[in-house]
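Below: one structure, written as structure tokens.
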Amino acid sequence: MRIKELLALEGKGQHITVEGWVRTKRDSRDVSFVALNDGSCIDNMQVVLPKSFPLFDDIEPRLSNGASVTVRGRLVKSQGTGQSVEVLPDEITVQGEANPAEYPLQKKRHSFEFLREIAHLRPRTNTFGAVARIRSAMSYAIHSYFNERGFVYVHTPVITGSDCEGAGEMFRVTTFPLDKIPVTKDGVDFSRDFFGKEASLTVSGQLEAEIYALALKNVYTFGPTFRAENSNTSRHLAEFWMVEPEMAFCDISLNMDTAEEFIKYILKYVLTNCRLDMEFFSTMIEKGVVENLEHITESSFERITYTEAVNELKKSGKNFDYPVEWGMDLQSEHEKFITQEIFRKPVIVTDYPRDIKAFYMKQNDDGRTVRAMDVLVPRLGEIIGGSERENDHGRLLSRIREMGLDEKNYWWYLELRKYGSVPHSGFGLGFERLIQFVTGMQNIRDVIPFPRCVGTLDF
RNA sequence: UCCUCUGUAGCUCAGUCGGUAGAGCAGUUGACUGUUAAUCAAUUGGUCGCAGGUUCGAGUCCUGCCGGGGGAGCCA
């Protein structure tokens, strides 16, 4: 049985087995208190080891921080106040020792920067154990949200031959020997590479998801995504996970409803199913995050157009580092001001100028905006980017040409607009950013087990 | 990539005007106590990120490089 289940039991002297790693040990005159954690929950199981225990002097020193232990004994009501039950051991097996002079994890609080350098040990801390459990629970909630609504989970490829979105630098995939790349007078001869053409890691599964949405109506992807941008912030990774629903017979308005309902569903799931871990975040990491999330699940997201947002920002009279002008993209400071100062809750901004958005977004009749939507949340800014897609063949083609893209690369994407085209919409949600939002963790590198960033590829 | 701060004991940090290295925690030893980041005492522990330079003398000043944090851009 795991510690989480054992802690929920009544201590009646029943025989049990506990397996876990030593978190702390406190010595007393007659007994030693050993706190074991097995990752099933944030709480530890206290093992009370009396000095009269056989071979006490041999076993006790080996029960240092980090040691792995199997304890057979009886579960009894605790005499102390910090826990309801504790274990009186009959038999203790130290599976693996952890030399206390060398073991890097101490009882005291460590900086997240230091823990990043020991990513092989950091899941043994309260914070990273909780993050791992929350991340897992949120993944499960994502699948259950879509599954309950009849969405089909589509696996879009990780290796792609098209840089369709054109947005962002891509990681190249090749089997060429780097010291001997085949070259013709026109440049690299990709026809001799593994796929016979240029290949990269995906920056988005959206375009492929559209294919399946136009057959199965409602689909979603959930998988790793890669961006080779040289961005060095607490909100960016080179490898991150993205959730991308795509819905046919769906306009921008229904798209927004879905995004809002989806986020609230995840928040509710975590608040009810990860109560202990969330309370830990709410007291130790981000004060009051539980109350904030509860409030969000109970109120509706604000919805404004880009044009209204620009007017609000101008009206605020605040001096921004970047001036607010219609046609310019909203800067971080603008987004944060809108969601944190003006509305103090999640805000969905729609109908952006078409010149600052991607080619596939549906153009409005005003000729200058597109049906884009960004969901902005306090503390982080953009957490979702989405749109209704351009479903008119002619308008999509002219947009592709206008932006100087090669239409040959989009032949199948265009054909979807020739055969049974229909209004459809979708969005992309940065999974790690949602975890940051839920937990209050400041740095995105601390909500993914093994972060990949510019200049960093440890573990 | 840009701006900015920063790098000193295992960890978190202090180190004044340039004068030869310090605290708390951890580790070790001992005391005390059904303890909760236990407490108290003693004690071990240093290539001051790296490479140059200035100086009688550099943790401290200068230059370059490398790492980390925060902010910005790009975005999710």
Side-chain angles (χ1 to χ4, degrees), chain A residues 23-35 43-44 46-51 61 64-66 76-83 86 88 98-118 121 125-126 165-169 203-206 224-244 259 284 320-322 328-336 356-358 374-377 380-386 427-437 442-448 453-456 458:
Chain A
R23 272 298 167 81
T24 69
K25 184 179 63 175
R26 296 173 291 273
D27 295 325
S28 203
R29 185 179 55 194
D30 301 320
V31 289
S32 272
F33 300 98
V34 181
D43 287 334
N44 302 321
Q46 175 159 281
V47 178
V48 183
L49 185 63
K51 291 246 155 97
S64 60
N65 283 9
V76 298
K77 193 165 185 292
S78 178
Q79 292 177 40
T81 51
Q83 56 285 314
E86 60 193 18
L88 301 179
N99 184 344
E102 294 171 3
Y103 189 61
L105 289 176
Q106 302 170 7
K107 291 183 216 176
K108 66 169 219 168
R109 211 185 163 109
H110 288 291
S111 69
F112 291 144
E113 293 82 38
F114 170 67
L115 292 173
R116 249 172 252 154
E117 295 169 11
I118 50 167
L121 297 173
T125 63
N126 284 337
E165 272 203 82
E169 295 294 309
V203 295
S204 165
Q206 179 199 317
T225 308
F226 307 88
R227 304 271 168 95
E229 261 123 34
N230 186 7
S231 48
N232 209 310
T233 79
S234 56
R235 303 186 307 282
H236 287 88
L237 291 165
E239 177 184 302
F240 64 100
W241 285 60
M242 191 150 64
V243 184
E244 294 179 292
M284 303 301 287
F320 294 107
D321 293 337
Y322 290 84
M328 312 266 291
D329 207 355
L330 297 176
Q331 305 294 313
S332 282
E333 55 172 346
H334 304 145
E335 292 180 344
K336 283 178 185 165
I356 57 171
K357 288 294 183 182
D374 284 0
V375 179
L376 313 179
V377 296
L380 281 171
E382 184 181 344
I383 199 167
I384 280 180
F427 60 84
L429 170 128
F431 186 47
E432 282 77 16
R433 287 192 185 171
L434 187 62
I435 302 174
Q436 280 186 278
F437 184 61
Q442 299 276 320
N443 198 308
I444 200 166
R445 299 171 191 203
D446 298 326
V447 296
I448 190 168
C453 317
V454 197
T456 308
D458 303 320

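The chains referred to below are lettered A, B, ... by the order of the sequence lines, with proteins before strands, and numbering in each begins at 1.
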[atom1] atom, [N] versus [M]: distance in rounded Å?
| N | M | atom1 | answer |
| --- | --- | --- | --- |
| B:C61 | B:C17 | C1' | 12 Å |
| B:G10 | B:G46 | C1' | 12 Å |
| B:A21 | B:C48 | P | 11 Å |
| B:U35 | B:A42 | C1' | 23 Å |

Provide a list of protein-nucleic acid N or O atom pairs under 3.5 angstrom, restricted to nucleotides 45-47 of chain B.
none

Output the single nucleotide from [options] whose closest atom is nearest the side chain of [X].
| X | options | result |
| --- | --- | --- |
| A:N232 | B:A76, B:U36, B:A72 | B:A72 |
| A:N230 | B:G73, B:U1, B:G34 | B:U1 |
| A:Q331 | B:U1, B:G73, B:G27 | B:G73 |
| A:T233 | B:U36, B:G73, B:A76 | B:G73 |
| A:S28 | B:G69, B:C74, B:G34 | B:G34 |
| A:Y322 | B:C75, B:G68, B:A72 | B:A72 |
| A:V48 | B:U28, B:U35, B:G34 | B:G34 |

Taking only N/O atoms, report every protein-nucleotides 7-12 of chain B pair under 3.5 Å with atom names and distance.
| unit_1 | atom_1 | unit_2 | atom_2 | d |
| --- | --- | --- | --- | --- |
| B:G10 | N2 | A:Q106 | OE1 | 3.1 |
| B:G10 | N2 | A:Q106 | NE2 | 2.7 |
| B:G10 | N3 | A:Q106 | NE2 | 3.2 |
| B:C11 | O2' | A:H110 | ND1 | 3.4 |
| B:C11 | O2 | A:K108 | NZ | 2.8 |
| B:U12 | OP1 | A:S111 | OG | 2.7 |

If the condition is side chain to side chain donor-acceptor pair (under 3.5 Å), which residues does A:S32 pass it with, not counting sequence neighbours?
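Testing A:S32 for side chain to side chain donor-acceptor pair (under 3.5 Å), a comparison that skips the adjacent residues, returns A:D27, A:E60.
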
Which whole-number value in Å describes the distance from [X] [atom1] to [N] [atom2]?
| X | N | atom1 | atom2 | result |
| --- | --- | --- | --- | --- |
| A:E102 | B:G27 | CD | C1' | 11 Å |
| A:K107 | B:A38 | NZ | P | 4 Å |
| A:R445 | B:G67 | CZ | P | 12 Å |

A:F240 over B:A76, stacked by centroid distance under 5.5 Å, angle under 30°:
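One would call A:F240 stacked on the B:A76 base.
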
Test for a donor-acceptor pair under 3.5 Å between the base of B:U1 and the side chain of A:E229, counting only N and O atoms.
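Check fails, no donor-acceptor contact within cut-off.
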
Return the nucleotide paired to B:U33: Watson-Crick means purine N1 to pyrimidine N3 with N6-O4 or O6-N4, wobble means G-U with N1-O2 and O6-N3, both under 3.5 Å.
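The answer is none; no pair meets the criterion.
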
